[in-house]
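Only a predicted model underlies this, so the values are computations on that prediction, with no experimental measurement involved. Convention: sequence-line order gives letters A, B, ...; per-chain numbering from 1.
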Amino acid sequence: MRIATWNVNSLNVRLPHVELWCASAQPDVLALQETKLEDAKFPRAAIEALGYHVAFSGQKTYNGVALMARQPILDVVTDIPGLDDPQRRVLVATVGELRVANLYVVNGQAVGSEKYAYKLDWLAKVSAFLAGELRNDPRLVVMGDFNIAPDDRDVHDPVAWHEQILCSTPEREALRRLLDLGLLDSFRLFDADPGHYSWWDYRQAGFRRNLGLRIDLVLAGERLKARARAATIDRIPRAWERPSDHAPALLELADD
DNA sequence: ATGGTGGTTTTACCA
């Protein structure tokens, strides 16, 4: 089965991109971030017409997450105990035998800012919640826009980004603590090389010049490791007209 | 050169 995550930066604008990409990539599970749609305006019928079940947690203008799946989506959680947060960034659900967490991690704006403190606090609380999920069922996949490049291989210019937002040591340590619960960065099961990115800034012709970061991750519970067959980033939709600034990241799992 | 692009209940804010 194919599991994917994609920050679409407005599903209103990117619905045709999602339709086109699903037709070719045929993901069985697709986590979307930055839908930027309140639930009453979510294009449920258009997604269902593609042959998917869908669950969503959105708000006007900012944030918003959704989960599409070929199989029914059950036991949905969008609010985490101890994190009373109007920002819609989390959707955890059961899809077949998998427990799936879709995260739109806080960007953080700048190291040392109020939003940075919120990011680190958010990561600690979400990680504590996911620790419980992993204890319940280690067939957990945690995917989304992490807004953290795990290490310098994931950064086009590690000198320029040194200790900057998305790359700072406290952010990387927060991600490490999440991984240490028993999750694997699936992309790194297959490719240890630098130069693979999932996000390119719209500014400065970032994509054309390949000035990217790998911040969109599919983390797999260690119990899923033996079933992992491939982990990739599909850059093709980043080159389409009026693209999202993110590319989809995928994990292919063999059947149990 | 402290900018730049793109999205959104837009002339500010977020990424």
Side-chain angles (χ1 to χ4, degrees), chain A residues 5-21 30-43 46-47 56-66 83 85-91 102-123 126 143-150 154-168 170-172 174-175 197-217 233 235-249:
Chain A
T5 179
W6 194 7
N7 180 324
V8 292
N9 185 19
S10 168
L11 184 57
N12 201 31
V13 173
R14 240 63 75 180
L15 180 59
H17 302 65
V18 170
E19 291 172 335
L20 198 60
W21 190 71
L30 175 57
L32 303 175
Q33 301 87 38
E34 284 205 271
T35 54
K36 300 188 175 180
L37 285 169
E38 55 192 321
D39 290 349
K41 295 188 176 175
F42 191 91
I47 298 297
F56 40 85
S57 177
Q59 65 184 94
K60 197 189 289 186
T61 310
Y62 301 121
N63 309 312
V65 285
L83 186 64
D85 192 350
Q87 300 192 26
R88 302 289 79 194
R89 299 177 174 277
V90 176
L91 196 155
N102 175 11
L103 304 183
Y104 175 46
V105 176
V106 177
N107 174 284
Q109 192 179 51
V111 174
S113 67
E114 274 185 33
K115 286 173 184 166
Y116 183 74
Y118 165 56
K119 180 178 196 173
L120 296 177
D121 180 65
W122 189 96
L123 282 163
V126 170
M143 60 181 158
D145 175 357
F146 282 76
N147 271 315
I148 300 170
D154 305 308
V155 180
H156 69 92
D157 186 344
V159 173
W161 284 86
H162 179 71
E163 296 299 342
Q164 298 299 302
I165 195 68
L166 314 186
C167 299
S168 73
E171 291 166 88
R172 287 175 169 173
L175 176 60
Y197 311 129
S198 66
W199 169 82
W200 300 261
D201 202 307
Y202 286 123
R203 295 167 284 190
Q204 297 181 314
F207 183 64
R208 184 179 58 75
R209 300 164 63 202
N210 200 24
L211 309 180
L213 302 180
R214 192 176 67 91
I215 57 177
D216 299 273
L217 311 176
I233 298 166
R235 298 161 51 104
I236 290 174
R238 185 62 179 80
W240 288 346
E241 289 293 312
R242 209 180 181 192
S244 169
D245 44 354
H246 294 254

Send over the distance from [X] [atom1] to [N] [atom2], rounded to a whole Å.
X: A:L15; N: B:dG7; atom1: CG; atom2: P; value: 15 Å
X: A:Q204; N: B:dT2; atom1: CD; atom2: P; value: 12 Å
X: A:E38; N: B:dT8; atom1: CD; atom2: P; value: 13 Å
X: A:Q59; N: B:dG7; atom1: CD; atom2: P; value: 18 Å
X: A:Q33; N: B:dG7; atom1: CD; atom2: P; value: 17 Å

So do A:Q164 and A:V111 actually touch side chain to side chain, heavy atoms under 4.5 Å?
-> no

A:T35 side chain near A:R14 side chain, heavy-atom distance below 4.5 Å | no

Nearest heavy-atom neighbours spanning [X] and [Y]:
X: A:L166; Y: A:K119; answer: CD2-NZ, 3.8 Å
X: A:T5; Y: A:G144; answer: OG1-CA, 3.2 Å
X: A:H156; Y: A:Y197; answer: CA-OH, 3.0 Å

Using the criterion of both pairing distances under 3.5 Å for Watson-Crick and G-U wobble pairs, give all stems of 3 or more consecutive pairs involving DNA chain B.
-> B:5-8 with B:12-15

Could you pull out all residues at least two apart from A:K60 that satisfy salt bridge (Lys or Arg N to Asp or Glu O under 4.0 Å)?
->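 Partners of A:K60 by the salt bridge (Lys or Arg N to Asp or Glu O under 4.0 Å) criterion come out as none, since no residue qualifies.
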
Taking for each residue the nucleotide of DNA chain B with the nearest heavy atom, is it A:A205 or A:V13 whose nucleotide lies nearer the 5' end?
->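 Mapping each residue to its closest nucleotide by heavy atoms, the 5'-most match is A:A205.
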
Under-3.5 Å N/O pairs linking protein and nucleotides 11-15 of chain B:
unit_1: B:dC14; atom_1: OP1; unit_2: A:K115; atom_2: NZ; d: 3.3
unit_1: B:dC14; atom_1: OP2; unit_2: A:K115; atom_2: NZ; d: 2.8
unit_1: B:dC14; atom_1: O5'; unit_2: A:K115; atom_2: NZ; d: 3.1

A:W21/A:W240 aromatic ring centres below 6.0 Å |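 Aromatic pair excluded; centres sit 6.0 Å or further apart.
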
Rounded to the nearest 0.5 Å, how far does CG of A:D145 lie from CZ of A:R89?
->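 If we round to the nearest 0.5 Å, A:R89:CZ and A:D145:CG are 9.0 Å apart.
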
Taking only side-chain nitrogens and oxygens of A:S10, does any of them come within less than 4.0 Å of OP1 or OP2 of B:dT8?
->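 For A:S10, the contact criterion (side-chain N or O under 4.0 Å from OP1 or OP2 of B:dT8) is met.
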
Separation between the [atom1] atoms of [N] and [M], rounded to whole Å:
N: B:dT5; M: B:dT9; atom1: P; answer: 22 Å
N: B:dT11; M: B:dA1; atom1: C1'; answer: 25 Å
N: B:dA15; M: B:dT10; atom1: C1'; answer: 15 Å

Where does the angle between the aromatic ring planes of A:W199 and A:W161 fall among parallel (under 30°), tilted (30 to 60°) and perpendicular (over 60°)?
->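 If you compare the ring of A:W199 with that of A:W161, the planes turn out perpendicular.
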
